[in-house]
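What follows is a short report on a single structure.
Every number for a ligand or one of its atoms is a count from 1 in the order of the listing. Since the structure is predicted, the reported quantities are computational estimates derived from the model, not experimental observations.
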Amino acid sequence: MFLYLRCEVDHDKLANMQITLFSSKSYDESFFSTENETSRHELVFHEFKLTPTSAPLAKGSRAVCAFVNDRLDRETLEVLHAGGTEFVALRCAGFNNVDLQTAHELGMKVVRVPSYSPYAVAEHTLGLLLALNRRLYRAYNRVREGNFSLQGLVGFDIHGLTVGIIGTGTIGEKVVCLFNGFGCKVLCYDVHENEAVKALGAKYVPLDELFAQSDVISLHCPLLESTYHLIDAAALEQMKPGVTLLNTSRGALIDTSAVIKCLKSGRVGNLGIDVYEEEDNLFFEDQSGMVMQDDVFARLLTFPNVLITGHQAFFTSNALTQIARVTLQNLSDLEASGCCENEIEFS
Ligand code: NAI
C-alpha cells in the first residue's frame, strides 16, 4: 500500500544539498545543470546504475536521484542510509523499483515526478501503432535500398477500430483523447474510473469484456503486485485473433513468453512495446557490439510485426525539462520543510 502526501511547503527557503545522480547520461547532466541554476544544489553525476555495490559512492549525499532501472531494494537502501542519505528522488513516475517498506523503516523519504509530459508517452504510444500498422520501419529500409515493392506492407484503418485502454490516469486519459481524434470506439478498464475520460465518451467495461472486444489494447497502468503479468496466457486467450498490443508502461505487465507463443500462432497480430520485463540488462546502453544474451528478447526481434523502442516514450525536451525542475523542487521542498507533495509514503 502507498499513499500520496499533500502538505504546505516554503518555496522561498534557499536550498543547497549534495545530490548524487545515478544512471545519468549527458542529457540528464545538461537538463539538471540548467535547472539547478536556480536551485543551487551540489550535483554529482554517475553514469552507472545504483546497486548495492555502487551505493557507497553516494556517501555524504543527503539525497540520491535514481531512474527507472536503478535498484532500490533493501540492500541498496541500507547502504545509502548508512552513508547519510535521507532522501530518494526518482526522476520518473513509476516507483516499482523501490522497496517502500524498507525506506519507511529507515526513515528515508521517497519522492517522484508524477507527471512530466503525459503527451510525450501518449504520442509515442500512437507512434508505435502508426509505425506498426503501416510497417513504416520496413518501408523506410526498403526505399533506402531502392526496393519500392509494396508486398507485405498492407495496413488497416485506425478509424473505426475498438481500442481498449487499461489504466486511465494521467497518460491513459491523453491516449483516450488521441484515439477519439482517430474516430475509434474507446473502451476502458481501471480500478478507479476517471470522470474526464467518461466525458470524452469512452466507456468503462470489465477487463474480460475489454479483452474480448478490442482490436487494439494499450497498457497505461502501473506495475504493482496486482498488475504483474496482467497480460498472460489466460488474458491472451480471451482476446480477438490478430489483436494489436501496445505497452509503454512497464515491461512486466506482459508475460513476454506467452505473447511470443501468440505471435507465432497469429493470435497477436502486432506488438508495439517501449518497455520490456528484463530491460534493466539492456536498455539505455549501446550494446550494438555485444552478443545478445537475452534469448526471449532476441526472439522478439525476429518478428516482422513487432516494434520495440528502448524506453524512450518520455524522451522529449519538454519532459526532460520538467523532470529536472520537479525533481530539484521536490528535494528543495524536503530540505525546507521535511515535506513534499510528491512524496510516496508506505502505509
Ligand atoms: P497514473 O498514476 O496517473 O495512472 C495510472 C492509472 O492506472 C490510475 O488511473 C490507476 O487507477 C490505474 N490502475 C492502477 N491499478 C490498476 C489495475 N490493476 N488495473 C487497471 N488500472 C489500474 O500514472 P501515469 O502517469 O498515467 O503513468 C502510467 C504508467 O506509465 C506509469 O505507471 C509508468 O509505469 C508508465 N510510464 C512510462 C514511461 C515511458 O517512458 N515509457 C514514462 C512515464 C510513465
Does any N or O of ligand 1 fall below 3.5 Å from an N or O anywhere on [X], backbone included?
X: Asp190; value: yes
X: Asp274; value: yes
X: Thr227; value: no
X: Leu224; value: no
X: Gln312; value: no

Check ligand 1 against [X] and write out every atom of the ligand that is under 4.0 Å from a heavy-atom position of the residue.
X: Gly167; value: 7 (O), 21 (N)
X: Phe314; value: 40 (O), 42 (C)
X: Ala313; value: 39 (C), 40 (O), 41 (N)
X: Tyr116; value: 42 (C), 43 (C)
X: Val191; value: 11 (O), 13 (N), 14 (C), 15 (N), 16 (C), 17 (C), 18 (N), 21 (N), 22 (C)
X: Pro114; value: 25 (O)

- Option set Val275, Leu230, Val175, Thr248, criterion heavy-atom distance to atom 38 (C) of ligand 1, minimum: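 Going through Val275, Leu230, Val175, Thr248 one by one, Thr248 has the nearest heavy atom to atom 38 (C) of ligand 1.
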- Item | Nearest-option assignment for atom 39 (C) of ligand 1, heavy atoms, candidates His311, His124, His192 |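 Among His311, His124, His192, the closest heavy atom to atom 39 (C) of ligand 1 comes from His311.
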- Message: For Phe297, I'd like to know if atom CZ has over 12 heavy atoms of other residues, nucleotides or ligands within 6.0 Å.
- Response: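 Yes - once you tally the heavy atoms of other residues, nucleotides and ligands closer than 6.0 Å, there are more than 12.
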- Message: Just checking Phe22 against Phe45, ring centres under 6.0 Å apart?
- Response: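 No, too far apart.
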Within the structure provided, determine whether [X] and [Y] are in side-chain contact (heavy-atom separation under 4.5 Å).
X: Lys261; Y: Lys264; value: no
X: Glu335; Y: Met17; value: yes
X: Thr20; Y: Leu57; value: no

- Query: Checking Arg138 against Tyr140: charged group under 6.0 Å from the ring centre and within 45 degrees of the axis?
  - Reply: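 No, a cation-pi geometry is absent between Arg138 and Tyr140.
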When you look for heavy atoms under 4.0 Å from ligand 1, do you find them on the side chain of [X], its backbone, both, or neither?
X: Ile171; answer: both
X: Ala120; answer: neither
X: Tyr228; answer: neither
X: Val121; answer: side chain

- Task: Give a yes/no on ligand 1: does Ser249 have at least one heavy atom closer than 4.0 angstrom to it?
- Result: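 The answer is yes, since Ser249 has a heavy atom less than 4.0 Å from ligand 1.
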- Query: Phe315 near ligand 1, heavy-atom distance under 4.0 Å?
  - Reply: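 Contact absent.
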[atom2] on [Y] to [atom1] on [X], rounded to 0.5 Å:
X: Thr309; Y: Asp274; atom1: OG1; atom2: CG; value: 3.5 Å
X: Asn330; Y: Asn342; atom1: CG; atom2: CG; value: 4.5 Å
X: Thr256; Y: Ile231; atom1: OG1; atom2: CD1; value: 11.5 Å

- Item | Leu100, Leu72, Val110, Val68 screened by side-chain contact (heavy atoms from CB on, under 4.5 Å) with Phe95, the one that passes |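 Going through Leu100, Leu72, Val110, Val68 one by one, the side-chain contact (heavy atoms from CB on, under 4.5 Å) with Phe95 is satisfied by Leu100 alone.
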- Query: For residues Asp333 and Gln329, is any side-chain donor paired with an opposing acceptor at under 3.5 Å?
  - Reply: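 Asp333 vs Gln329: donor-acceptor pair found between side chains.
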- Task: Measure the acute angle between the ring planes of Phe314 and Phe284, then classify it against the limits of 30° and 60° as parallel, tilted or perpendicular.
- Result: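 Aromatic pair Phe314/Phe284 classed perpendicular.
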